[in-house]
Amino acid sequence: MDRIVILDTTMRDGEQAPGATMNLEDKVQIGRQLERLGIDVIEAGFPANSPQEVEAVAAVAKEIKRSKVAGLTRPVLSDIDACWEAVHHAENPRIHVFISTSDLHLERMLRKTREEVLEMSVKGVAHAKKYTDDVEFSPMDATRTDPVYLYQLLTAVIDAGATTINIADTVGYAIPDEFARFLTGIRENVPNVDKAVMSVHCHNDLGLAVANSLAAIKAGARQIEVCVNGLGERAGNASLEEVVMAISTRRDLLGAYHGLDTTQIYRTSRMVSDVTGMLIQANKAIVGANAFRHESGIHQDGVIKERTTYEIMDPKSIGLTSSVLHIGKTSGRAGFRSHLKDMGYDMTDQDFSKAWESFREVVSKKKYITDRDIEAIVAEELRSVDETYRLDEVHVTCGEPGIPTASVKIVDSEGREFIESAVGNGPVDAVYNAISKVIPVSNTLEEFTIKSITDSTESLGEVTIRIESNGQTFTGRGASTDIIVASARAYLNAINRLVSMQGLDSKGPVK
Ligand code: KIV
Ligand code: ZN
């Protein structure tokens, strides 16, 4: 049995999903959780993108002790230097060099010849190699590249020192058996292939990213690149939880194993969803709300008699529990903090204090508290962003007949109070109009989702929104037993993210 190296690129390719932008604190939080999950290589970002990205990748690199930390870079010497500046803080740093190799990309996009790309690749790998032994090379759009040219290029970059060669199905074009043959071709025609680990990076445009990754394992790939919840460009990347649980469940067939603690999967999935605001569809394999729910009587009967009749995985193996907490109104801060720790949340004192306030508010209104409630409460703190604006009060009047009207009191980071009221098409619209009067940043609401955390009417309502401003997308989340409050919090959360990235309109808040 061979061990499969799992490279997680949620913080790099995953972040390329519209609206999934992560700030430094988000990345550190997710990095810690990925390490807890046992990820072998954490790709933390693309440092040459911006000085902020260098800082964020460096912060992850400083925090992570066991996993390797990789940064992505073009084979441009100054980009490689920026990448090293960020990842060198890690105990085990990796530089990941990539460049397009298909004729289509070369002719239409890079406007370079095959020879020029080969030369750049070799120089880039050699330059990275001066910094670290651990260098990964990715031919981008590899699956649409002339195989003979690819063999030549891979031979050259391995000679230059690449220790991992990552075959990227950049546009999700491959079909599993064809992809396996493509990889076999590489193994048979790249003479020095044994000097490097063969990796694959599959996109999901045809819904085949996981199938292609598994076919790759059978064809000899020993590193698989994945994203939590299948995040990533367009239709996303191979989903971490699906690849990993397929390896666990079918190691008999795949002849391979991984080194992850799968009981951290559910928590990781929730955290990434909460931090990015990217919701998980109910029927998503492994981590969707319905993944372990049985509806039909025959199935329920079977599972009660013997779980394995209709469950190929134990929900506990991904860390799914349905525990109702034994903490409530009378619980103290210490008990709550220790429960959060058991759940894997390591919070700063400041974030914990805010979570504690929210928890007190929820227990005063709700009889039973579940772990899911706690996750929704801390999710707001996890979406850590400088709170330029805080919602102090919100009131609405609505009904039939009547004009939905809202008033809000918002306090800014300097303690100034702003009160505004507005009407709207409905209570949420009225609240958003009132908030917009206080904070004059132009934006458009692109998506608004509301769901209840548990099944009862006293449940917490969780609102996720997506707003667009100057071509950038920002997500916001809010949770409360009152859905209007949750909606207002979600909007302010997104606005705070927007303001922290783009600054305020010159006018600042209006009185
Ligand atoms: O999809 C892709 O080709 C990539 C590479 C940078 C590995 O993300
Ligand atoms: Zn990709």
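Numbering of ligands and ligand atoms starts at 1, following listing order. All values derive from a computational prediction rather than experimental measurement.
Of all the atoms in ligand 1, the ones that sit under 4.0 Å from a non-hydrogen atom of M140 are 3 (O). Short contacts between ligand 1 and A168, defined as distances under 4.0 Å to a heavy atom of the residue, involve ligand atoms 3 (O). Heavy-atom contacts of H203 reach the following atoms of ligand 1: 1 (O) (cutoff under 4.0 Å). The contact set between ligand 1 and S138, taken as ligand atoms under 4.0 Å from a residue heavy atom, comprises 7 (C).
The 12-atom threshold is not exceeded at CZ of R187, counting heavy atoms of other residues, nucleotides or ligands nearer than 6.0 Å. Within a 6.0 Å sphere centred on NZ of K123, heavy atoms belonging to other residues, nucleotides or ligands number 12 at most. Residue Y151 qualifies as enclosed at atom OH: its count of foreign heavy atoms under 6.0 Å is above 12.
Salt bridge D103/R108: absent, no basic N to carboxylate O contact under 4.0 Å.
Taking the six-membered ring for Trp and thresholds of 30 and 60 degrees, Y432 and F448 have ring planes more than 60 degrees apart, a perpendicular arrangement. Using cut-offs of 30° and 60° for the angle between ring planes, the H203 and H201 rings count as tilted.
In terms of polar-atom proximity, D141 is not counted as a contact of ligand 1, lacking any N or O under 3.5 Å from an N or O of the ligand. Between R12 and ligand 1, at least one pair of N/O atoms sits closer than 3.5 Å. At under 3.5 Å, not a single nitrogen or oxygen of N166, backbone or side chain, sits near a nitrogen or oxygen of ligand 1. Considering backbone and side-chain atoms together, T170 places an N or O closer than 3.5 Å to an N or O of ligand 1.
Here the protein heavy atom with the shortest distance to atom 4 (C) of ligand 1 is H201 NE2, 3.4 Å.
Tested against E241, the residues K284, R267, R270 include a single salt bridge (Lys or Arg N to Asp or Glu O under 4.0 Å) partner, K284.
Within the coordination shell of the Zn ion (ligand 2), defined by N, O or S atoms under 2.8 Å, D13 is present.
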